[in-house]
Amino acid sequence: MRAMILDVPGEPLRVAEVASPEPGEGQVLLRVHCCAVCRTDLHVVDGELPDPKLPLIPGHQIVGTVERIGEHTDGFTVGERVGVPWLGWTDGECRYCLSGRENLCENARFTGYQIDGGYAEYALADGRFCFSIPESYPDLQAAPLLCAGLIGHRSLRFAGDAERLGLYGFGASAHIVAQVASHEGRRVFAFTRPGDEEAKEFAREQGAEWAGSSEEAPPEELDAAIIFAPVGALVPAALRVVARGGTVVCAGIHMSDIPSFSYDLLWEERSVRSVANLTRQDGLDFLALAPEVPVRTEVMPFPLEAANEALEALRGGRVRGAAVLVVDAC
Ligand SMILES: [Zn+2]
Ligand SMILES: [Zn+2]
């Protein structure tokens, strides 16, 4: 099979022909239709996350069809369409797994990080961690639901019942969260890179009532803010614009250092928290909700072999919505 392979973090991915894997017990082999590109892929490729499997096939928003089924893998039929998210395996027995917090599992393994992912023609997945995909979504439009959507939605839940919601970094996740938030009757305020007029326009199209630069103050105080951009300086910036009791949610897996800030910014019961990974319940909940909203994902397709170009476009802020690598989609 053709695959894009990371040999050494910090270097571009390499196109290669490798043997397609065999499904083991509990696994399915998927023929990959497409795989959306996440900012986490960029952190993995850049070496910002420790100890990836190497060599590695990145990618954790996989849409594919079941090609072969391993032993003791129940509930699948050949040809069925499924999605594979970031959470690829958990031990099921640690204190986190046993308390409904498998996203924090001490031994979790993640797709496209510790397990080969979807930047390839075929991918293996543990059947227990695959989702069925709502029928109304074509492959490309479904792919960004699997991380940008799922983890975005988990972040939105941690914003509580905030009516005035700020979103910092208007990429794949924010464009989905903005639609869900508007659907829930919230008011969305979008913060983009200074000078990025296109991103502001895009944010307004997705339901933001105000869009401005991350250096600007919004027209009124916010009740919560979600930070999708991997920029630590946005934490004090967001605390500065949330009202008393407001929450700042850091949605990314990696962020530059947070500069020190005055306690005044946190005072009056403001809080800062992170969101880590997803549970399977998050996936079930969000994939049921998405068609009801309905969430419409904006995608920018790239051929599989152009994975490096897709990652560079994401790095440069040139992706409108979500970049998706297309292998063989319908
Ligand atoms: Zn566990
Ligand atoms: Zn992701």
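Atoms within each ligand, like the ligands themselves, are counted from 1 in listed order.
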Practice prompt. Let me see the working for Phe129 and Trp86 under ring pair (Phe, Tyr, Trp, His ring centres under 6.0 Å), right down to the final yes or no.
Written response: CA-CA 9 Å; Phe129 293 86; Trp86 171 242; over 10 Å; no
Fill in: Backbone N/O of Gly117 and side chain of Thr111: donor-acceptor pair under 3.5 Å
no
Worksheet item: Does Glu121 use its side chain to pair, donor to acceptor, with the backbone of Arg2 at less than 3.5 Å?
Response: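 A pair under 3.5 Å: yes.
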Worksheet item: Which residues and atoms, protein N, O or S only, are under 2.8 Å from the Zn ion (ligand 2)?
Response: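 Per the 2.8 Å query on the Zn ion (ligand 2), atoms found are Cys38 SG, His60 NE2, Cys147 SG.
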Item to complete: State whether the number of non-hydrogen atoms from other residues, nucleotides or ligands found under 6.0 Å of Arg157 atom CZ is greater than 12.
Response: yes
Worksheet item: Yes or no on ring pair (Phe, Tyr, Trp, His ring centres under 6.0 Å) for Phe110 and His60, after CA distance, side-chain angles and deciding distance?
Response: CA-CA 8 Å; Phe110 299 103; His60 59 267; 9.1 Å; no
Worksheet item: Quick one: do the His33 and Thr65 side chains pair a donor with an acceptor below 3.5 Å?
Response: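 Present: a donor and an acceptor within the cut-off.
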Worksheet item: Measuring to the Zn ion (ligand 1), does Asp91 have an N/O/S atom at a distance below 2.8 Å?
Response: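 Yes, within the cut-off.
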